[in-house]
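Quick notes on the structure that follows.
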2 protein chains.
Amino acid sequence: MVTSRDVARLAGVSQSTVSYVMSGRRSISPETRRRVEEAIETLGFQPNAGARALASQRSQVIGLVVPFAPGADMTGVLPFIETITKCAREEDHNVILATEDEGAEGLTRLSDQSLCDAIVLMEVGSKDPRIPVAAGLSVPVILIGVPDDPAGLYCVDLDYTLAGRMAVDELAASAHDRVVLLGYPRDVLARDVNFVRRFLRGAEESAAAHDIAYAEVSPPDTSRAGAEVALDEALAGRGPGGCRLGLVVPDPQLIQPTLQSLLDRGLVPGRDLSVIGLCTDRTAETSTPPVTNLSLEPRDVSRRAMRILFRLLNRESVPTPSTVELVTPRLTLRQTSLPAH
Amino acid sequence: MVTSRDVARLAGVSQSTVSYVMSGRRSISPETRRRVEEAIETLGFQPNAGARALASQRSQVIGLVVPFAPGADMTGVLPFIETITKCAREEDHNVILATEDEGAEGLTRLSDQSLCDAIVLMEVGSKDPRIPVAAGLSVPVILIGVPDDPAGLYCVDLDYTLAGRMAVDELAASAHDRVVLLGYPRDVLARDVNFVRRFLRGAEESAAAHDIAYAEVSPPDTSRAGAEVALDEALAGRGPGGCRLGLVVPDPQLIQPTLQSLLDRGLVPGRDLSVIGLCTDRTAETSTPPVTNLSLEPRDVSRRAMRILFRLLNRESVPTPSTVELVTPRLTLRQTSLPAH
DNA sequence: GCGGGGTGTCGATGCGTATCGACAGCAATG
DNA sequence: CATTGCTGTCGATACGCATCGACACCCCGC
């Protein structure tokens, strides 16, 4: 292993000088800098992470707590991980992974062992028991999701209320008579994630504002069978022709089963009714048929979170704590939207 | 921050005794152990990761290099990450993430900065330039995937050759006359991942063995349009009725577009022809219609990799280096298989 | 009663880096 | 020429833990 001492010896300087060349925290003569940098290059020196962390009290690591719970929407998690990792690397930080099922202890472990300098917590529930713990840690915590009480922590999330409103707005604007929201299945409701309520509220508000017939249906789960049950109920009150029906499907996992169930009933989305999903663009593009969607914007949300995080770490100016940053979803019309009247 | 010194003071012992209580590397009297453990509990002591790594030369961290390259099959990556993280936690290790696009430098960084004790490298190409670098690191590297030259590294992967053979075997056994393999798109071929060749070889071998009509078609990409192009070619030589056609689709991303294209042509998978996909069970279950599939078994592959890894770290007996551990895929019949003749 | 082999604890040291205070050298100032 | 103020470098120290050697103590057996 090559140490800064080896570099110092080769460059004919002291170890501390090597350290100062690397950190730039003291001025160094051009000549010395050159010799040291050359020695670093020659030896391929890389500072030992543990020693650096011990001495500087900074691990240069970001803790990322990911939801791997069964039932969680796993397809959407990867873009978050990807974006967060890349943002971290841009600031010369690494990412350490913790799983949701470690619960609050996972957080204290990351913090108390000085494994990381900050934590990003994904998939935060309305009354997430980890929040009070997170608020008491010695490292800053950024939440992706909005709990009822952020306890002074920063929150970033998609603007689900706006998403719900946009979905119904769009259907109302394209002359639909009736909107049915195929809600979240029981296990998601049980996890009590805040975005569910927010989305529903937005949808309800918009429906009320446009004075459009509106109903909510909850499938037992996101399987094909679950979709069938929900659709039976959704289509039950369906009168004879002439009614333009719009389905709103906020659970990404329910979208494809729903589309398939409709096709099986001879109902073609985009011809006989409209379907708007809430999912990543990638999911929407590859669904069959490609579904009109409101994007979850995982990359934007992640970037916003990382931006706050590094501002905190660099002691730059930062918005007031407990600020909730909401990202605006993007509506993309695809094949499941009825053409204009 | 609570240190082992604080614990020692509270327990009335020396700091080294605290350390020995925690590591168990020297015998401790029951009474002393009790007092120390009580003090640890009272103070909520967690050893500082950096200091521990510095002193013990062990970071208790596993480096995981994930493919985030565009075009890579991202849906399948998450189960790997999940399983590897959980296996690591079971052995009291953490997982640090690196992205593929850091290339070989990412590996040397992880190793030379002593950021981790071992590395798991996913999505290894046939002539992956990272292999020679990986072989020269001071930490063990486990490959997920099989390069042409493993350079003494351990490899774990699905048995793609067997998967190819099983796919065609199944079609032959269920009385199909003709098999068309909708291959990988150009960008995957360009990445030159070894499993592509292995799968094709297995399929070809089986086709030859059963003396069944066999053809390979390469789509330009995995979009709907790409699937259309490939299908045009695949269905071109289609004679009049009576021919039982089987499609084999090894690229998970191509499966849904293919199914949809078939439905659009009025060809119902499972009624007019068979489709066998190579994808995770989860993908197969949620495709429309649910596709008969050979499972990629990401969890099994990950677990096998982690088993080797920890055997190496614990200096337990380990198979010969360069050993390739292959996991057997599992065939699950779903709705896209033609019923028996 | 005395030597010998364990057992359990302690003090000291090292891991590799960051950082603080000290200080030599030099230019500018009076 | 003496003084002040910088600039650039060095030595020493601390970070928190693991580990090594030393050693006090106790239980045997003779």
Side-chain angles (χ1 to χ4, degrees), chain A residues 1-37 39-40 43-61 92 94 109 111-117 138 313, chain B residues 1-37 39-40 43-61 92 94 109 111-117 138 313:
Chain A
M1 156 172 267
V2 182
T3 72
S4 59
R5 200 173 221 87
D6 300 327
V7 174
R9 198 175 313 129
L10 179 61
V13 299
S14 75
Q15 179 267 322
S16 58
T17 300
V18 174
S19 180
Y20 284 122
V21 166
M22 298 201 69
S23 70
R25 299 178 77 89
R26 281 205 181 169
S27 55
I28 297 286
S29 73
E31 166 60 10
T32 303
R33 152 161 287 122
R34 198 191 53 72
R35 286 218 314 282
V36 170
E37 282 172 348
I40 289 175
L43 299 178
F45 168 66
Q46 308 251 104
N48 179 292
R52 186 209 278 269
L54 184 58
S56 68
Q57 316 276 42
R58 290 281 231 113
S59 61
Q60 306 270 100
V61 169
D92 202 38
N94 289 294
R109 190 171 59 84
S111 166
D112 292 357
Q113 296 188 354
S114 297
L115 275 164
C116 61
D117 301 330
S138 53
L313 289 184
Chain B
M1 157 172 265
V2 182
T3 71
S4 60
R5 201 175 219 84
D6 299 327
V7 174
R9 197 174 315 128
L10 180 60
V13 299
S14 75
Q15 179 267 321
S16 57
T17 300
V18 174
S19 180
Y20 285 123
V21 166
M22 298 201 71
S23 69
R25 298 179 77 90
R26 282 205 181 170
S27 56
I28 298 286
S29 72
E31 166 59 11
T32 303
R33 152 161 288 122
R34 197 191 53 71
R35 286 218 313 283
V36 170
E37 282 171 347
I40 289 176
L43 299 178
F45 168 65
Q46 308 251 105
N48 180 291
R52 185 208 279 269
L54 185 58
S56 68
Q57 316 275 44
R58 291 279 234 112
S59 61
Q60 306 270 101
V61 168
D92 202 36
N94 290 294
R109 190 171 60 83
S111 166
D112 292 357
Q113 295 188 357
S114 298
L115 275 164
C116 62
D117 301 329
S138 53
L313 289 184

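We name chains A, B, ... by the order of the sequence lines, and we start the count at 1 in each one. Quick note: numbers below take in every heavy atom, side chains included, and nothing from hydrogens, waters or symmetry partners.
- If you check the side chains of S16(A) and S19(A), you find no donor sitting under 3.5 Å from an acceptor.
- Residues that satisfy the side chain to side chain contact (heavy atoms under 4.5 Å, CB included) test with D6(A), not counting sequence neighbours, are V2(A), T3(A), R9(A), L43(A).
- Toward the 5' end of DNA chain C, the nearer of the two residues L54(B) and I28(B), judged by each one's closest nucleotide, is I28(B).
- Note: CE (M1(A)) to P (dC15(C)) measures 12 Å, nearest angstrom.
- The nucleotide range of DNA chain D contacted by chain B, defined by atoms under 4.0 angstrom from heavy atoms of the protein and reported 5' to 3', is dG16(D) to dA22(D).
- For the segment residues 11-22 of chain A, residues with any heavy atom less than 4.0 angstrom from an atom of DNA chain D are, sorted by number, G12(A), V13(A), S14(A), S16(A), T17(A), Y20(A).
- The phosphate of dT19(C) has OP1 or OP2 within less than 4.0 Å of a side-chain N or O from R25(A).
- When rounded to the nearest whole Å, the span between CD of E31(A) and P of dG25(C) equals 18 Å.
- Evaluation of the side chain to side chain contact (heavy atoms under 4.5 Å, CB included) rule for I40(B) yields V7(B), M22(B), V36(B), F45(B) as partners, not counting sequence neighbours.
- Partners of R34(B) by salt bridge (Lys or Arg N to Asp or Glu O under 4.0 Å), not counting sequence neighbours, listed by chain and number: E31(B), E38(B).
- Nucleotide dT19(C) holds its P atom 10 Å from the CZ atom of R58(A), rounded to whole Å.
- When the salt bridge (Lys or Arg N to Asp or Glu O under 4.0 Å) test is applied to R5(A), no partner is found at least two apart in sequence or on another chain.
- Atom pair R9(A):CZ and dG16(C):C1' shows a separation of 13 Å (rounding to whole Å applied).
- For the side chain to side chain contact (heavy atoms under 4.5 Å, CB included) test, residues two or more places apart in sequence or in another chain that qualify with L54(B) are N48(A), A51(A), L54(A).
- Computed from coordinates, the D6(A) CG to dG16(C) P distance equals 9 Å when rounded to whole Å.
- Once rounded to the nearest 0.5 Å, the distance linking CZ of R109(A) with SG of C116(A) reads 9.5 Å.
- Taking the salt bridge (Lys or Arg N to Asp or Glu O under 4.0 Å) definition, one finds that D112(A) meets it with nothing, sequence neighbours left out.
- Residue R26(A) contributes atom CZ, which lies 14 Å from atom P of dC23(C) at whole-angstrom precision.
- Under the side chain to side chain contact (heavy atoms under 4.5 Å, CB included) criterion, Q57(B) pairs with no residue at all, not counting sequence neighbours.
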